[in-house]
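Let me begin by presenting the structure, written as structure tokens, before commenting on it.
Just so it is clear, the structure is predicted and the values come from calculations on it, not from any experiment. Counting convention: from 1, in listed order, for ligands and their atoms alike.
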Amino acid sequence: MVDPRHQQPQPQALFSLPTPTQTRRPSIHGHSAAADSPPFHSRAVRPPPHRFLPGLRVVPMSSSAVARVWRRSLHDGLLRGSPWRVAPATARSASTAAGATAGPKKVPPHPRKGRLLTGAMIGLAIAGGAYVSTADEAKFCGWIFKFTQLGNPLFALLDAEFAHRLAVTAAAHGFVPREKRPDPSVLGLEVWGRKFTNPIGLAAGFDKNAEAVEGLLGMGFGFVEVGSVTPLPQEGNPKPRIFRLRDHGAVINRCGFNSEGIVVVAKRLGAQHGKRKMEETSSSVSPSTNDVKQGGKAGPGILGVNLGKNKTSEDASADYVQGVHTLSQYADYLVINISSPNTPGLRKLQGRQQLKDLVKKVQAARDEMQWAEDGPPPLLVKIAPDLSKQDLEDIAAVALALKLDGLIISNTTGKIPLIGCGGVSSGEDAYKKIRSGATLVQLYTAFAYGGPAIIPSVKAELAECLERDGFKSVQEAVGADFR
Ligand SMILES: Cc1cc2nc3c(=O)[nH]c(=O)nc-3n(C[C@H](O)[C@H](O)[C@H](O)COP(=O)(O)O)c2cc1C
């Protein structure tokens, strides 16, 4: 006999009814549980009563004892009284001496309702599990995106900047839906020698510090623009500085380039870049032989980096050059943002001569860096939506003369790729911008109000518009209204 003092403590504990030594459990198949099964524990010490339910006692159990309990409860719940039940008396008497001597006893009537309920619940669980596992992934993914809409009224109750912070944190930690459905092929396009699976992007200002690139791209945006990033960290304007105009479905922003600065952002993008390279190296998929690069530096989606200037900086072009030096290696495209009304003097850079000087310096900074064979990232300028016709003509002239790679603009046609941004909340809005000359389209406010569900909905509606009007691709529809 083992001295109880030398016994090892048992590794597991379950809540169970009092043990056979204290109370007799209800009989199973006419046998006393105490008689026909070994005790649940071999300790002589009486287990302490449960803290909240004194009728229960915490009983240390070995894993085999746990398994026995599960087997027994399953047997009780499923088979007792059912037409498939095993013959208890013979089965038991063969394995236990106590059973053999006790002989078969009458099975006490089991509450029929309970049996039915147990059966129904197990049936439901099995059917539910089977349905989810066979429901195609696309359907399931669609439900998840729709499900996120339930959170929108909750977000609407929060302060706008706090809600925004919460959304960025959720995306940064992967608490956002992941798009598993491939984009309709009609949405695919090639810009700057890169393949976009769809033309719908997230505009700058949402992920200012590149915290959530993976999560945001994973939600199904064709591209995500981080920033604006300033060379030095800066607080931006005092809060509150983001306001919802709910009746108009609009957001007023006077953030003033709050930014963690290029060093912090470079570290984040660098880490992500390294991770992506590792995944590419370990992936068994051989690289595409196609000349057009699939996806971008941050993953299957394209990453834009939007550069700003510090509020107190005297030399705007030096700020943008610093941004290029530090961040361009991680960017699929770069943006010189001179559109913001919240940084004093910024919009003056949109004047013909100032813009020319600025673009030349930034282009030179980018081009003197060493680049792999896929070359430097394209350079775009983001301009304000409310410029005069003369301003627009000046900007267009500079852009063409200096072979700028693109403009981010609210509405116009052009000979270089344009990203249409502002007021897009549906596929039809995106389609209008494309027909007006935009190759790509960005949105922000619609995402802030509609959440992740807006992404598949805009894409699906855009695909419908293109197909309805007989376009085989986005590219075919670009500028269609001006041909
Ligand atoms: C809160 C907020 C912050 C923004 N921050 C930036 C920014 O840092 N840099 C930038 O280029 N645009 C910024 N934007 C402008 C957006 O990128 C976009 O151009 C503008 O919101 C229009 O698009 P929408 O109508 O889809 O919202 C910001 C917009 C909002 C609402």
Side-chain angles (χ1 to χ4, degrees), residues 155 158-168 199-212 216 221 223-231 233-237 239-246 248-262 265 304-311 319-320 323 327 331 333-343 346-347 349-350 379-387 406-411 418-430 432-433 438 440-451 454-455 458:
F155 268 78
L158 304 172
D159 160 74
E161 188 156 357
F162 181 72
H164 169 245
R165 184 70 243 147
L166 212 64
V168 173
I200 307 299
L202 179 61
F206 184 84
D207 188 7
K208 283 178 182 278
N209 299 299
E211 294 169 79
L216 293 168
F221 282 115
F223 61 110
V224 166
E225 192 172 306
V226 297
S228 297
V229 195
T230 55
Q234 64 177 32
E235 291 283 333
N237 291 329
K239 294 177 189 171
R241 54 195 177 182
I242 304 178
F243 308 89
R244 295 190 191 97
L245 299 180
R246 221 164 266 130
H248 296 88
V251 176
I252 293 179
N253 141 51
R254 49 163 194 253
C255 292
F257 285 171
N258 49 313
S259 171
E260 290 186 53
I262 51 175
V265 171
V305 176
N306 178 311
L307 304 171
K309 80 173 261 297
N310 280 115
K311 185 176 177 180
D319 275 20
Y320 290 107
L327 295 173
Y333 71 87
L334 284 167
V335 181
I336 304 175
N337 179 20
I338 46 175
S339 71
S340 173
N342 301 310
T343 296
L346 196 81
R347 283 179 165 200
L349 297 169
Q350 293 172 132
L379 185 69
L380 287 78
V381 170
K382 181 170 180 176
I383 56 175
D386 49 3
L387 293 166
L407 286 170
I408 302 184
I409 194 167
S410 48
N411 231 336
L418 301 175
I419 299 184
C421 182
V424 175
S425 59
S426 67
E428 193 76 48
D429 294 336
K432 276 188 198 145
K433 285 218 185 291
L440 301 164
V441 175
Q442 284 179 328
L443 51 85
Y444 182 141
T445 303
F447 182 55
Y449 277 104
I454 197 83
I455 311 165
V458 167

Q) Does atom CD of E235 have more than 12 heavy-atom neighbours from other groups under 6.0 Å away? A) no

Q: Select one of side chain, backbone, both or neither to describe which atoms of H164 lie under 4.0 Å from any atom of ligand 1, heavy atoms only.
A: neither

Q.
When you measure from the side chain of Q350 to the backbone of A384, do you find a donor-acceptor pair of N or O atoms at a distance under 3.5 Å?
A. yes

Q. So L327 and L307, side-chain contact (heavy atoms from CB on, under 4.5 Å) or not? Walk me through it.
A. CA-CA 9 Å; L327 295 173; L307 304 171; 4.0 Å; yes

(Q) Please check whether G423 reaches ligand 1 - meaning an N/O of the residue sits under 3.5 Å from an N/O of the ligand, judged on distance alone. (A) yes

Q: Please state which part of N337 comes within less than 4.0 Å of ligand 1, counting heavy atoms only: side chain, backbone, both or neither.
A: side chain

Q: Using distance alone, decide if ligand 1 has a nitrogen or oxygen within less than 3.5 Å of any nitrogen or oxygen in S228.
A: yes

Q | Candidate pair F447 and F221, rule ring pair (Phe, Tyr, Trp, His ring centres under 6.0 Å), full reasoning | A | CA-CA 11 Å; F447 182 55; F221 282 115; 5.3 Å; yes

Q: Just need the protein heavy atom nearest to atom 29 (C) of ligand 1, so name the residue and atom and give the distance.
A: N253 ND2, 3.5 Å

Q. What part of E225, side chain from CB on, backbone N/CA/C/O, both or neither, has a heavy atom under 4.0 Å from ligand 1?
A. neither

Q. If we only count N/O pairs under 3.5 Å, is A204 in contact with ligand 1?
A. yes

Q: Say whether, by atom type as modelled, one donor and one acceptor occur between the side chain of Q234 and the main chain of K311 under 3.5 angstrom.
A: yes

